[in-house]
A.B. asks: 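Here it is, the structure, as structure tokens.
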Amino acid sequence: MAFVLEEENAMFTGDNVLGHGTAVFEDLAVYLDSLSRMREQFHGRAYPGHGAVIEDGRTRIEEYIAHRKQREEEILQALRDIGKEATSLELVKAVYKDVPSNLHVPAANGVVQVLRKLEGEGKVAQCQHESWQIADKATL
């Protein structure tokens, strides 16, 4: 939930956009839709649920959206590079090369969120044994 303070052209962004760190969400497609709608509601400051006030809230929202889109592209490219089915953990190892291995399991949860969104868009398909692949496209 977010609230607009019309007198300041500002928004209370709650946990959707933070002053530090990253937001936690359950459904990436819904989260990105929320961010897109939030971005259109104001042009000023953002008052997050955690962290410092964000002077240019709209720009921060655009950064969040761009980051998520970049991560989608990285995961798709990793699937293409692997060239076969891959588990979320295999994708983490390809995309998060510089992240310590003790953070790979938590990162895999984020990768699954991206994969589920991409699956809903018909870009990837889940296979057996919790692995994923680029979706087959019918040719005409």
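Computed from a predicted structure; not experimentally measured. What you see below is based on every heavy atom in this structure, not just the backbone, and it leaves out hydrogens, waters and symmetry mates.
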A.B. asks: Can you confirm whether Gln126 sits close enough to Glu119 that some side-chain heavy atom of one is under 4.5 Å from a side-chain heavy atom of the other?
C.D. replies: yes
A.B. asks: Flag the pair Met38 / Val17 as yes when at least one side-chain heavy-atom distance between them is below 4.5 Å, and no otherwise.
C.D. replies: yes
A.B. asks: List the atom of His43, the atom of Asn9, and the distance in Å for their closest heavy-atom pair.
C.D. replies: N-OD1, 3.2 Å
A.B. asks: After noting the C-alpha distance and the side-chain angles of Arg68 and Glu72, does the key distance pass the salt bridge (charged side-chain N to carboxylate O under 4.0 Å, His left out) rule?
C.D. replies: CA-CA 6 Å; Arg68 295 293 171 193; Glu72 285 180 29; over 6 Å; no
A.B. asks: Between Trp132 and Ile75, is any pair of side-chain heavy atoms under 4.5 Å apart?
C.D. replies: no
A.B. asks: Is Val112 isolated, or which residues cluster with it under the ILVMFWY side-chain rule of less than 4.5 Å, directly or via members?
C.D. replies: none
A.B. asks: Is the ring pair Phe25/Tyr31 parallel, tilted or perpendicular, if the boundaries are 30 and 60 degrees?
C.D. replies: parallel
A.B. asks: Do Ile61 and Val4 sit in one hydrophobic cluster, given that two such residues count as connected whenever their side-chain heavy atoms are within less than 4.5 Å of each other, even indirectly?
C.D. replies: yes
A.B. asks: Who else is in the cluster with Val53 when I, L, V, M, F, W and Y are joined by side-chain contacts under 4.5 Å?
C.D. replies: Met1, Phe3, Leu5, Phe12, Tyr47
A.B. asks: Quick check for you: to the nearest 0.5 Å, what is the distance between Gln133 atom CD and Ile82 atom CD1?
C.D. replies: 12.0 Å
A.B. asks: Test: salt bridge (charged side-chain N to carboxylate O under 4.0 Å, His left out). Region: residues 28-42. Which pairs qualify, not counting sequence neighbours?
C.D. replies: Asp33-Arg37, Glu40-Arg58
A.B. asks: Val99 and Val95: same hydrophobic cluster, using ILVMFWY side-chain contacts below 4.5 Å?
C.D. replies: yes
A.B. asks: Would you kindly say whether Glu73 and Gln77 are connected by a side-chain donor-acceptor distance under 3.5 Å?
C.D. replies: no
A.B. asks: Are any of the side-chain heavy atoms of Leu18 and Ile54 separated by less than 4.5 Å?
C.D. replies: no
A.B. asks: Should Glu90 and Lys93 be marked as a salt bridge (charged side-chain N to carboxylate O under 4.0 Å, His left out) after you check the CA-CA gap, both sets of side-chain angles, and the distance that decides it?
C.D. replies: CA-CA 5 Å; Glu90 289 170 326; Lys93 291 175 183 178; over 6 Å; no
